[in-house]
Protein chains: 2
Amino acid sequence: MAARKPQVEGAKSSVLTDGRMQAGSRATEQVQTLAETVAARIREQVISGRLTPGSHLSEQTLSEELQVSRNTLREVFRMLTKEGLLRYEANRGVFVSTPSMTTIIDIYRVRRFIECPALAHAHPRHPGVTRMRDAVEEARRCREAKDWLGVGSADIAFHAAIVELSDSPRMAGFYAQIALELRLVFGLLKDPEFLHGPFIDQNLEIVTALEAGNAAGAAEMLEAYLLRAERFILGAYARVTSET
Amino acid sequence: MAARKPQVEGAKSSVLTDGRMQAGSRATEQVQTLAETVAARIREQVISGRLTPGSHLSEQTLSEELQVSRNTLREVFRMLTKEGLLRYEANRGVFVSTPSMTTIIDIYRVRRFIECPALAHAHPRHPGVTRMRDAVEEARRCREAKDWLGVGSADIAFHAAIVELSDSPRMAGFYAQIALELRLVFGLLKDPEFLHGPFIDQNLEIVTALEAGNAAGAAEMLEAYLLRAERFILGAYARVTSET
DNA sequence: GCTGTCCATAGTGTTGAACAATTTTTATGT
DNA sequence: ACATAAAAATTGTTCAACACTATGGACAGC
């Protein structure tokens, strides 16, 4: 009956590993509040596809399911809405955001707008480069293990590392949001092997070029990559939605 | 006693005009929830300087002051924290964000990164151009009326219009956040006439060049403008903080 | 005087129940 | 079928309570 209980129960019943994202912070803010924990959990459920775009998130149902009070859950909703994962409709509740073609187009426009210059102006020995290479290797590991969700994460990590090259925390934060939305799109599509497979090797080429000091070339490859990926995703998206 | 009461009381005691920002939406979402109203109100208090950076926002005090429940207020805190206006510390509460020099530098890096290309690739007859000119005229009106807060708003609106030229809602949303933080910085500085005065005319030159079809020239002027503004603000900031 | 421990206090984190306002569903009449 | 009114479900908001954490002394030891 007492409050704070979930600090214990919540941890017990929690299935998520978590701890990723927010690359910059290490020892800071180790204390997580319940709301943040729940937010991470819902985020994961959306990304993993257990929560499908467009579906309505009932306050009562979800609060019982996650064992938190409605008030706490509403705080979580407020956070995730600002992150762009959920959509609010007054007096009707929250829904999982449903990406449209317009969404995809805008996301890729932003990606080209941000990633390409960041890569072009990058210093070859910037710490972000290491992260890029790590991400590529992680992606290959996941590909072998046929962990396609993992491949998606690694791909996002790769491109987040590119944005890190710009040395701007705000830019990185913005990109993290965009990446979240992109994952929503990924979840919408099927056939993840076909979706991610071809792009791992291109990531490898890009980081290799950058390490060799050829930032301009890397940026060019990246732009081509993004244009291809956009067409690719748009096609897959059209195929999925037309089935309805 | 009863709930929903504030829907009435809140409106009565509300002093803010509001309605700006979010250029794209017109008839949509006319229904505002209490939390959103309160959020707008606190936002305004932060921007106008009534709530100084670094100050602690007590849940109990503020909830009594604004006549809303603690729970609703906490929802608001969650939103404003995501917007970057407030900072959360677990078990210690929320504080108004305190911009540092690093903040200012990052903000201006982002501004150059986003605004300049947006302007350079702009079409001279893009609707955003009209907004730019409107903003300049609004700024001059406010200057004559010595409404320096208004000048600040108009200046922000001008540059938000530049970002609109990129036709990307996500970019515009991101810029709105950056602009909010920038206003926090403005509030920190004194002597607003000296702060905004010189820049109005430069804005005018930029939009004039763009209207004349000289996007490249406008972009160059903008970059110079932003570099100057950064130095300017950093100087003013150093002056203010050293006084402590 | 300075430093570290223990406690009272204030403030945040979270809950459950209650009720008003709104939306959605169901039942009903034509 | 179709509009309409009543009923049910859901969101919006409040309140009071209590666990947990942080803060500011009081007090003892060095």
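Chain identifiers are assigned alphabetically (A, B, ...) following the order of the sequence lines, protein sequences preceding nucleic acid strands; residue numbering begins at 1 within each chain. Just so you know, these numbers come straight off a predicted model, no measurement behind them. No hydrogens, no waters, no symmetry mates; every other heavy atom, side chains included, goes into these values.
- Rounded to whole Å, the distance from CG on A/Leu34 to P on C/dT12 is 18 Å.
- When the P atom of C/dT15 is taken as reference, atom CG of A/Leu73 falls 10 Å away, rounded to whole Å.
- The distance between atom CG of A/Asn91 and atom P of D/dA9, rounded to the nearest whole Å, is 18 Å.
- The side chain of A/Glu59 has D/dT11 as its nearest neighbour among D/dT11, C/dG11, C/dG13.
- The cationic atom of B/Arg78 (NZ for Lys, CZ for Arg) lies less than 6.0 Å from the six-membered ring centre of B/Tyr88 and within 45° of the ring axis.
- Rounded to whole Å, atom P of D/dT13 lies 18 Å from atom CD of A/Gln60.
- For the pair B/Arg87 CZ and C/dT12 P, the interatomic distance rounds to 14 Å; values are reported in whole Å.
- In this structure, B/Glu75 atom CD and D/dT11 atom P are separated by 13 Å, rounded to whole Å.
- For B/Arg92, counting side-chain heavy atoms from C-beta on, the closest listed nucleotide (C/dA18, D/dA22, C/dT14) is D/dA22.
- Checked against the 6.0 Å centroid threshold, A/Phe113 and A/Tyr108 do not count as a close aromatic pair.
- For A/Ser58, the side-chain atoms get nearest to D/dT11 when compared with the rest of D/dT13, D/dT11, C/dT12.
- Checked against D/dT14, D/dG12, C/dT14, the side chain of A/Asn71 finds its nearest nucleotide in D/dT14.
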Requested in this report: May I have the step-by-step check of side-chain contact (heavy atoms from CB on, under 4.5 Å) for A/Arg74 and B/Asn71, ending in yes or no?
Outcome: CA-CA 9 Å; A/Arg74 283 174 62 87; B/Asn71 290 60; over 6 Å; no
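- Distance A/Glu89 CD to D/dT11 P: 12 Å, rounded to the nearest Å.
- Set against D/dT10, C/dG16, D/dT14, the side chain of A/Ser69 has C/dG16 as its closest nucleotide.
- Within the structure, a side-chain polar atom (N or O) of B/His56 is placed less than 4.0 Å from OP1 or OP2 of C/dT12.
- Candidate nucleotides D/dC15, D/dG12, C/dT12 were compared by shortest atom distance to the side chain of A/Arg74, and D/dG12 ranks first.
- The base of D/dG12 sits within donor-acceptor range of the side chain of A/Arg70, with an N or O pair under 3.5 Å.
- As judged by a 4.0 angstrom heavy-atom cut-off over every strand, A/Phe77 is placed among residues making no nucleic acid contact.
- Here the side chain of B/Thr72 is nearest to one of C/dG16, D/dT13, C/dT12, namely D/dT13.
- Between the side chain of A/Ser63 and the main chain of A/Glu59, a donor-acceptor pair closer than 3.5 Å is present.
- Taking the six-membered ring where the residue is Trp, A/Phe186 and A/His196 present perpendicular rings, their angle passing 60° and hence far from 30°.
- In this entry the distance linking CD of A/Glu64 with P of C/dG16 reads 10 Å, nearest Å.
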